Structures are given as C-alpha cells and as structure tokens.
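See below for the structure under consideration.
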There are 2 protein chains.
Amino acid sequence: MTGGAEETRLAAELIAVVVAANEAAPRILTVEDGKALPSGPFESGHRSLQSGLRAWVEERTRHPLGFVEQLYTFADRDRMVGGGRRRTISISYLGLAREAPTAPGTGASWQDWYRYFPWEDRREGEPAAIRTVIAPALGAWAKSGDGAPLRRERAERAAIAFGLNHQAWNEELSLQRYELLYETGLVPEAGEAAGRAGAPGAPMLHDHRRILATGIARLRAKIKYRPVVFELMPPAFTLLALQRVVEALAGVQLHKQNFRRLIARQELVEETGGMIAETGGRPARLFRFRRAVLRERAVAGTKLPLAPAR
Amino acid sequence: MTGGAEETRLAAELIAVVVAANEAAPRILTVEDGKALPSGPFESGHRSLQSGLRAWVEERTRHPLGFVEQLYTFADRDRMVGGGRRRTISISYLGLAREAPTAPGTGASWQDWYRYFPWEDRREGEPAAIRTVIAPALGAWAKSGDGAPLRRERAERAAIAFGLNHQAWNEELSLQRYELLYETGLVPEAGEAAGRAGAPGAPMLHDHRRILATGIARLRAKIKYRPVVFELMPPAFTLLALQRVVEALAGVQLHKQNFRRLIARQELVEETGGMIAETGGRPARLFRFRRAVLRERAVAGTKLPLAPAR
DNA sequence: GCCATTATGCTTCCCGTGAGCATAAGCCTG
DNA sequence: CAGGCTTATGCTCACGGGAAGCATAATGGC
C-alpha cells in the first residue's frame with residue numbers, strides 16, 4: 001500500500017525551538033527578523049532526525065546544543081507550505097543552548113521570548129493586558145456561545161487557562177493559552193480580525209508561534225523534574241542567578257529560601273570556591289553544576305521548587 | 001533548499017500502540033500473529049496525522065479510540081523499511097480503547113503486553129528472570145567495560161533501570177530497560193546473539209517492541225496525573241476493578257485503602273447506585289467516571305497513587 | 001556609622017502519602 | 001446455623017516535603 005499510484009509527494013522539515021536564557025529573560029533563536037523559528041529540510045545525509053537538527057543548528061549558532069528533545073510532528077493538510085501539491089511533515093524540536101552571537105548574514109537573531117507571549121510573564125504580577133484586553137475578550141466569547149452548557153464550558157476553559165476567577169495560574173499551560181487566543185481570533189495569526197483589538201505580543205509566520213508555545217510548555221514542565229536549567233547557565237553562577245533564570249523560564253517569582261534549600265538538598269551544585277561581589281549586598285558564593293548527577297539520577301526526579309514568592 | 005536535485009524520496013508511516021485493559025493485564029492490538037504493531041501509510045486523504053490514525057484504527061477495531069496522543073517520530077537511516085532508496089518517517093501514536101473482537105481476516109489480535117515485557121510485571125514481586133538471567137547478564141556487561149569509570153557507569157545504569165542493589169523500582173523506565181537490554185544484546189532484535197541466553201519475552205518485527213516500550217512508559221507516566229485510566233474501563237466498575245486495571249498498567253501492587261482515598265478525594269467517580277455481588281466477599285458499590293472532571297480539570301493534576309501495597 | 005541590599009540559617013505550620021487497625025457484609029463449609 | 005474466609009469501607013497515626021516567615025551576616029553607598 002505504501003507505493004500507491006496517486007502518491008502524494010512528501011517533504012520533511014525540521015523546526016527548532018532553541019532556547020537560551022539570561023537573568024532577565026529567556027531568549028529564543030529566530031530568523032527572518034524575529035518572525036520565524038529556524039527551520040530546514042530534513043536531508044538524506046542526516047543519520048537521524050535529531051542529528052540532523054543538531055548539525056543544522058550548530059552550524060548556525062556555532063554553539064553546541066546541550067539538550068535536545070523532540071516536541072511534536074505536524075502534517076495538517078491546511079499547513080501545506082510552499083503552495084505545491086507537496087505535503088509537508090514538520091518535526092519540531094526543543095534545544096537548549098547558551099547565547100552566542102549569531103552568524104551575520106543569516107538573518108538569525110536572539111529574541112526575548114516574552115516578546116511573543118507577554119501574557120506569560122507574571123514575575124511582576126499579572127500583566128495588565130490580561131485584565132484589560134484578554135479577560136474581557138474571552139468573557140465576551142464565552143457569553144456568545146450557543147446554549148448554557150457551551151457558555152459554561154467556555155468560561156471554565158478561559159478561567160483555567162488564564163487563572164481568572166479563583167483559579168490558580170498554571171505556567172505550564174502556555175500552549176492551551178495560545179490555542180485559546182487563536183480559537184477566539186485574538187491573535188493575528190488566526191486571520192480573522194487583524195484590525196480588532198487583539199492580544200498583545202508579536203506574531204510569527206506560519207504556525208511558528210504555536211510551536212514556540214509548545215516548547216515553552218515543555219520546558220516549563222521539564223525544569224521541574226530534570227536538571228536541564230544548567231544547560232542554560234554559565235560554568236559558574238550564584239544561586240540567585242540560577243533562581244533568576246528559573247524564574248525567567250517559568251514566568252513566576254519564587255521563594256528564595258525554599259529555592260536554595262531544594263537545590264542544596266538535592267546536591268545539584270557544588271561550590272567553586274569563588275565569590276562574587278554583586279551589585280550591592282553581601283557577596284555571593286559561586287557554584288557549578290555537579291555533572292555527576294546526570295549519571296546518578298539519569299532518570300530519577302530532580303525537582304525545582306515552583307512555589308510563588310511572598 | 002527544499003527542492004534539491006538529489007532529492008530523497010520520502011514515505012510516512014503511522015504506527016499505533018493501541019492499549020486496552022482488563023483486570024488481569026493490559027492488552028495491545030497487534031497484527032501479523034502478534035509480531036507487529038498495526039501500522040499504515042500516512043495518506044494524502046488524511047486531514048492530519050491524528051485523524052489519519054484514528055480513522056485507520058477505528059476501521060479495524062470498530063471501536064472508537066478514546067484518547068490519542070503522539071508518541072515519537074523516527075527517521076533513522078538504518079531504519080529504512082522496504083529496502084528501497086526511500087526514506088521512511090514513522091510517526092507513532094498511543095491510543096486507548098476498550099477491547100472488542102478484531103475483524104477476522106485482518107490478522108489483528110489483542111495480546112497481553114507482558115508477553116513482550118515479562119520483566120515489567122512486578123505485581124507478584126520481582127520476576128524470577130530478573131535475578132536469574134537479566135541481572136547476571138547486565139553485571140557481566142558492566143564488568144566487561146573498558147576502564148573503571150565506564151564500568152561504574154554501566155553498573156549504575158543497570159541498577160537504576162532494573163532496581164538492582166538498593167535502587168527503587170521505577171515503573172516508568174520501561175523504555176530505558178528495553179534499550180539497555182537491546183544495547184547489551186539480550187533481546188533477539190539486537191541481532192547479535194540469537195542463540196545466547198537472553199532476556200525472556202516475545203520479540204517483535206522491526207523496532208516495534210521499542211515503540212511499545214515507549215508507549216508503556218508514556219502511559220505509566222500519564223495515569224499518574226491525568227484521568228486516562230477511565231478510557232479503559234467499562235461504564236460501571238467497582239473500585240477494586242479500577243485498582244486492578246491501574247495495577248495491571250503500572251505492573252505494581254497498590255495499597256487499597258490509600259487508592260480509594262485518593263480516588264474519593266479527587267471526586268473522579270460517582271456511585272451508579274448499583275451493587276455487584278463479587279466472587280465472594282462483601283458486595284461492592286458500582287461507580288462511573290464523572291465526565292465532568294474532564295472539563296473542570298482539563299489540565300490540572302489528577303494523581304493516582306502509586307505507592308506499593310503491603 | 002547608618003541604611004539598603006543580598007546571602008544564609010532556621011523554625012513553624014499544613015497537607016499529602018504511606019501504613020495499618022478495625023469493622024461491616026456477603027459467601028462457603030462443616 | 002455458627003465460624004471462617006474474603007472483600008468492602010472507615011479511620012488513625014507518623015513522617016517528610018513544601019510553603020512562608022523570622023532573624024542574622026556581610027558588603028557597598030551616603
């Protein structure tokens with residue numbers, strides 16, 4: 001059956017969500033003036049999907065990708081790229097790296113990821129746009145549903161996704177939030193109402209912003225049980241720097257003392273012996289990641305505290 | 001770059017891990033006399049990968065798939081199926097269903113999943129084969145490593161994967177276990193030593209047993225935080241029946257009272273009002289799944305207790 | 001020297017989980 | 001028909017981790 005007569009021509013494409021981070025914000029590698037994620041064809045020379053992606057990204061960033069993980073494979077019919085009769089299968093990956101200057105002329109650049117998802121950053125509390133724009137729009141959408149059950153379901157979905165009413169904010173729901181905004185026409189990618197008052201945040205080409213949302217969700221979930229944050233850290237760092245990076249990724253503030261306790265108890269780091277005179281305040285000790293835990297706890301749990309501060 | 005001259009021809013294939021379960025064991029849908037997972041080409045008529053898979057499986061089992069989730073996409077070069085110059089991309093899915101008679105003539109049949117992974121069933125304690133065959137073989141493999149660090153690393157990997165020494169058994173590591181057995185040549189799929197004393201369990205064609213191991217790992221992880229078990233249950237069931245199914249999936253015995261407490265506290269089920277006169281013992285109440293939780297907790301946590309009994 | 005700022009150590013409270021003890025309700029056996 | 005066996009259910013207790021706060025130690029800036 002595989003070789004039918006009316007065979008569709010297939011193409012395969014790799015799309016990468018490459019994440020780096022500093023204490024201020026997570027950064028993602030983009031192309032086309034920040035409007036697309038890096039992507040490239042899956043070529044016959046590639047040994048496997050993952051090695052293809054690795055080679056491809058490292059060529060551009062000149063920096064090795066530490067951690068790489070497959071995100072999702074899409075092949076929706078309405079997703080045909082390039083306009084031909086060719087069906088494209090897109091395989092997306094999440095990769096972690098350290099930020100380094102991009103090769104000039106490639107159009108590649110690093111961007112703050114909250115530029116695309118302003119509503120995902122709650123480190124300074126709930127962004128105003130949620131209350132002034134998003135919540136009202138979702139409320140209207142819920143009310144416009146046919147029949148009470150549908151209306152209730154919509155209101156409930158919105159409340160869970162955006163932590164409205166008395167629901168708690170769940171930082172891992174970034175994909176659901178984007179999908180909800182897409183479904184309700186609040187992001188320009190949905191086409192419908194480019195003029196209408198929509199959600200804030202820069203759009204991307206194709207469905208790249210959705211893929212980015214998938215990557216954010218995956219990474220936010222992952223940092224809670226695997227020591228992957230360290231892939232984003234410099235060789236030596238203070239505990240506060242580590243906390244700031246985790247907070248930047250999660251988009252939430254953490255309780256300092258508990259964060260330190262958890263890191264300490266799990267023996268994730270060891271002192272380098274050095275100290276650093278920060279910008280005011282008592283000097284902090286420098287730590288490095290204990291590479292050994294990658295072997296010891298190859299799979300076991302390594303939880304990061306995600307309890308809100310204050 | 002997408003349309004190069006020396007273009008590799010691509011084919012895409014969908015592979016399904018379809019799981020059902022009874023109180024005795026989880027069951028998987030197979031073809032070719034239990035030696036392969038159902039798979040089929042991804043056709044141009046399919047709207048999306050998932051809808052393609054759904055249509056395809058439902059046609060064969062005549063039963064709707066409740067829950068469907070993408071597992072992984074492979075395209076390793078050494079995985080070329082069919083021998084041609086054609087590169088195959090395989091997209092695997094996990095699906096949950098209720099067991100129903102398979103359509104005759106299709107070669108499809110349901111199989112106990114522990115037939116392929118005897119070492120994954122610890123409901124009656126550690127299977128003898130681990131102590132008599134697997135642990136010694138892994139021990140020899142570890143000792144044969146070049147250099148002390150490699151030997152230590154190997155011993156550690158084996159201990160973590162199979163819960164040797166003082167390590168706790170982690171039921172979610174089914175994929176790592178299979179990969180370890182593959183790497184050490186203990187499963188016939190590895191080719192090397194078909195004659196040597198290997199691990200027990202029926203092999204499968206291609207890399208299907210590895211895909212099944214991936215599905216098992218995913219499902220075992222999933223039942224802990226999402227109410228997916230109910231997709232496998234009949235409309236009404238006793239709490240013990242529910243527990244038995246969870247135990248069958250996890251391959252571990254659970255503490256009865258705690259299991260009930262957790263189910264009760266989360267309000268996952270409601271009484272149907274009926275009772276059932278079991279095989280001896282006090283009659284049990286019948287319950288049904290509260291569909292409402294799917295909306296209420298569309299994403300929040302729904303944990304199943306996986307604490308060992310006794 | 002006093003203040004602002006950050007680093008660190010410890011303590012308390014609360015809740016979920018892991019384990020058992022005890023009782024209720026049928027069925028089966030002698 | 002009583003006693004024993006088996007499964008259903010209710011409850012208690014102890015422990016450990018997580019969430020919040022209080023308190024003290026170092027520095028640099030005024």
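Letters go in sequence order (proteins before strands), and every chain restarts at 1. Since the model is a prediction, treat every value here as computed from it, not as a measurement.
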*asked:* Can you list everything that forms a salt bridge (Lys or Arg N to Asp or Glu O under 4.0 Å) with A:Glu271? Sequence neighbours excluded, please.
replied: A:Arg285

*Check: A:His255 side chain, D:dG21 base, donor-acceptor under 3.5 Å*: yes

*Whole-Å distance between C:dG9 C1' and A:Leu239 CG?*
13 Å

_Euclidean distance, A:Arg218 CZ relative to A:Gln70 CD, rounded to 0.5 Å_ = 8.5 Å

*asked:* Checking A:Glu231 now: which residues fulfil side-chain hydrogen bond (donor to acceptor under 3.5 Å, both in side chains) with it, not counting sequence neighbours?
replied: none

*Scan for salt bridge (Lys or Arg N to Asp or Glu O under 4.0 Å) pairs involving residues 236-246 of chain A, sequence neighbours excluded, and state none if there are none.*
A:Arg244-A:Glu247

Dump every N/O contact between nucleotides 10-12 of chain D and the protein below 3.5 Å, one line per pair.
from   : atom 1 : to       : atom 2 : distance (Å)
D:dG10 : OP1    : B:Arg285 : NH2    : 3.4
D:dG10 : O6     : B:Gln257 : NE2    : 3.4

*Interatomic distance, A:Leu254 CG vs C:dA7 P [rounded to whole Å]*: 14 Å

_Length of the NZ-P vector between B:Lys224 and C:dG16, whole Å_ = 19 Å

*Rounded interatomic separation in angstrom, taking CD from B:Glu271 and P from D:dA8*: 14 Å

*Could you list the residues that satisfy ring pair (Phe, Tyr, Trp, His ring centres under 6.0 Å) with B:Phe117, not counting sequence neighbours?*
B:Trp119

*Taking atom P of D:dG16 as reference, at what distance in whole Å does atom CG of A:Leu262 sit?*
17 Å

*Identify which nucleotide among C:dT8, D:dG18, C:dG26 has an atom closest to any side-chain atom of A:Arg282, counting heavy atoms from C-beta outward.*
C:dT8

*Rounding to a whole Å, what distance do you find between B:Leu240:CG and C:dG26:C1'?*
15 Å

*May I have the distance from A:Gln253 (atom CD) to D:dA20 (atom P), rounded to whole angstrom?*
13 Å

_Test side-chain contact (heavy atoms from CB on, under 4.5 Å) applied to A:Pro118 - qualifying residues, sequence neighbours left out_ = A:Pro200

*asked:* Cation-pi check for A:Trp169 against A:Arg177: NZ or CZ below 6.0 Å from the six-membered ring centre and within 45 degrees of the axis, yes or no?
replied: yes

_Side-chain N or O of A:Lys256 closer than 4.0 Å to phosphate OP1/OP2 of C:dT8_ = no

*Roughly, in whole Å, what's the span from CD in B:Gln243 to C1' in D:dA8?*
12 Å

*Position toward the 5' end of DNA chain C (nearest nucleotide), A:Met275 or B:Met275*: A:Met275

